[in-house]
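Quick notes on the structure that follows.
These numbers come from the heavy atoms of this one structure, side chains and all, not from hydrogens, waters or symmetry mates. Ligands are counted one by one from 1 in listed order, and the atoms in each one are counted from 1 as well.
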Amino acid sequence: MCEPWWKEAVVYQIYPRSFMDSNGDGIGDLRGITSRLDYLKKLGIDVIWLSPVYRSPNDDNGYDISDYQEIMEEFGTMEDFDELLFQAHERGIRIVMDLVVNHTSDEHRWFVESRKGKDGPYGDYYIWRDGKEDGREPNNWGACFGGSAWEYDRERGQYYLHLFSKKQPDLNWDNPRVRREVFDMMDWWCKKGIDGFRMDVISMISKTEDMPDGEVKGLYGDFAPYCVHGPRVHQYLKEMNREVLSKYDLMTVGETAGVTTEQACRYAGTDEGELNMVFQFEHVDVHGKYGKWNDKSMPLTKLKEILSRWQTELAGKAWNSLFWDNHDQPRAVSRFGDDTAPYRVRSAKMLATCLHMMQGTPYIYQGEELGMTNYPFAGPEDFHDIESIHAYQEWCESGRVSHQEFWPCITRVSRDNARTPMQWDDSPQAGFTSGTPWMPVNPNYREINARAALEDPDSVFYHYQKLIALRKQYPVIVSGEYKLLLPDSEEVFAYERILNGEKLLVVCSFSREETKVSLPEEYAGGTCLISNYGADDWSLDGKLRPYEAFVSYCSGRSARLPR
Ligand code: GLC
Ligand code: CA
């Protein structure tokens, strides 16, 4: 059976600002990435997802684009990009670009023109509305980064919609000229030879005509029912596919927060002609009193239910991404594992095993392969991310909740956790820069860094390397049927994968304590493909050590061979 390449691929996400600085200005850049391609090759990944590198005033670190066909000055030049693409391809690594087209920067030429008035050629490129009779915002919607989703523009005398910051005005996808511009721009990148697109908040591009007040959640009304999975989103994606995607050999992944499995089967259904896969967040969403700012973990039974439902309900119909973290999420080992010294390495390997043996395309976020951890924030002045800064103002400085209560919540999930510089070695600034990094390096870099990992055969790095290699070797990992075992256990995540008589048993303990477990005996004679206590150090004896993980493989065929 021959699956499309993106079903067998492992993706590595790079957040360029924090990956590698080549010129000492403290900001990661394209040449820095090129200089580390051999490291990625060694890890064995197939694809790089490059977070945005386009021209941007950096209100949201590049997710606010002012020119889609230029490179951000701090990151280098278009020649540097071409060189990166060439060098990556030389090593058999593909590059998937971040496509941020729900909104642009307010400094984009289109917006600068659009705010001049309704009648110009760009008058209808964004979502403009008059205020209410008393001059207030057109409705009560709140933006993702705090405040109202509407901003009054004096020049034009109207409000514009921004679901994110006020420097990220939403494009009007109902205007065919906007779609044409976006498709032409995508085509331009495809002609350059890039290998795909990760589509930022793509489920939000179509809005309802009517924009009534939303249900108040927190301080503002919720825009989701009117802007997420909107009325024409599938029509526009089919058009994009017809006009651009279908003409090239690409990998396309849609960031689709709040999507159900049924909706995912439309966005990423095998025969739908839209995208290859979704990137959804159900397993990382834990909402509480203060919205996403929450210091609680999801119970393991619930986490298993969610991940398993995505496994079985997409099987044979659509394709999913597998991830624990990215540039918007806290560090995986700090959130789902245990980042304290005795357990960090063990639990990071356990999490990797648990995820990489599932069906879908795995994503590794930079530093995850080293078991990098959350950052020890001392106070709100340590935040760099617009979302965390605004959230702290809105919840704490406003007096709605005490610092003491809010602090553990915001530090646990702040996006800044993921954005501290990559830890390359134990030299000052972790080898990320020879200057002053734009964001402080996590002080644990002396112990947790790439050089140390490469020198230690038992490191998290080599565990990932092995998992990636296994995916290439065993079709059952890519294509096997998934079966959850022990759904009620709060300690153990165990499942089987089955394909034509080949079977895998994946066992992962999420517990710091030794736990008792009963597993199918047929696997006792299987081959151990990987374990986090040492190659042959595993058994089905009914006991699991803290954060133990192993995979046992049985092949029906060899079992039937005469002895
Ligand atoms: C996506 C990106 C996030 C960004 C937002 C607005 O969720 O992953 O980093 O802030 O969209 O573009
Ligand atoms: Ca630099």
- request: Return yes when Glu387 approaches ligand 1 closer than 4.0 angstrom through a heavy atom, no otherwise.
  value: no
* Asked: Taking it one step at a time, do Tyr267 and His229 satisfy ring pair (Phe, Tyr, Trp, His ring centres under 6.0 Å)?
  -> CA-CA 10 Å; Tyr267 285 105; His229 317 302; 5.6 Å; yes
Next item on the list: Run the numbers on His384 and Asn61 for side chain to side chain donor-acceptor pair (under 3.5 Å), then give the verdict.
Entry: CA-CA 10 Å; His384 287 66; Asn61 287 348; over 6 Å; no
Between Thr34 and the options Leu84, Asp80, Leu85, Asp29, the side-chain contact (heavy atoms from CB on, under 4.5 Å) test singles out Leu84
among protein heavy atoms, the one nearest atom 10 (O) of ligand 1 is Asp60 OD2, 2.5 Å
Near His103 (heavy-atom distance under 4.0 Å), the atoms of ligand 1 are 6 (C), 12 (O)
ang(OD1 Asn23, the Ca ion (ligand 2), OD1 Asp25) rounded to 10° is 80°
Looking only at protein heavy atoms, what sits closest to atom 5 (C) of ligand 1 is Phe164 CE2, 3.8 Å
If we number the atoms of ligand 1 from 1 as shown, the ones under 4.0 Å from a heavy atom of Arg415 are 3 (C), 4 (C), 9 (O), 10 (O)
(Q) Surrounding CZ of Arg31 (heavy atoms of other residues, nucleotides or ligands, distance under 6.0 Å), is the total greater than 12? (A) no
closest protein heavy atom to atom 9 (O) of ligand 1 is Asp328 OD1, 2.7 Å
Item to check | Charged tip of Arg94 within 45° of Trp49 ring normal and under 6.0 Å | outcome: no
Judged by heavy atoms only, the candidate from Glu255, His327, Gln329, Met204 nearest atom 7 (O) of ligand 1 is Glu255
Check the pair Glu137, Arg129 against salt bridge (charged side-chain N to carboxylate O under 4.0 Å, His left out), reporting the backbone distance first and the verdict last. CA-CA 9 Å; Glu137 289 79 8; Arg129 290 284 188 278; over 6 Å; no
Which class fits the ring pair Tyr39 and Trp424: parallel under 30°, tilted 30 to 60°, perpendicular over 60°? perpendicular
At under 4.0 Å between heavy atoms, what of Phe281 touches ligand 1? The answer is neither
Of all protein heavy atoms, the one nearest atom 2 (C) of ligand 1 is Asp200 OD1, 3.0 Å
Vertex the Ca ion (ligand 2), ends Asp21/OD1 and Asp29/OD2: angle to nearest 10° comes to 90°
Ligand 1 to Arg198, heavy atom cutoff 4.0 Å, flagged ligand atoms 2 (C), 8 (O)
In ligand 1, the atoms that come under 4.0 Å of a heavy atom of Val201 are 1 (C), 7 (O), 11 (O)
- Task: Examine Gly76 and say whether one of its N/O/S atoms is closer to the Ca ion (ligand 2) than 3.0 Å.
- Result: no
query: Checking salt bridge (charged side-chain N to carboxylate O under 4.0 Å, His left out) for the pair Asp295/Arg412: CA distance, chi angles, key distance, verdict?
result: CA-CA 6 Å; Asp295 65 350; Arg412 182 170 161 95; over 6 Å; no
Between Ser114 and the options Tyr125, Trp128, Tyr122, Tyr160, the side-chain hydrogen bond (donor to acceptor under 3.5 Å, both in side chains) test singles out Trp128
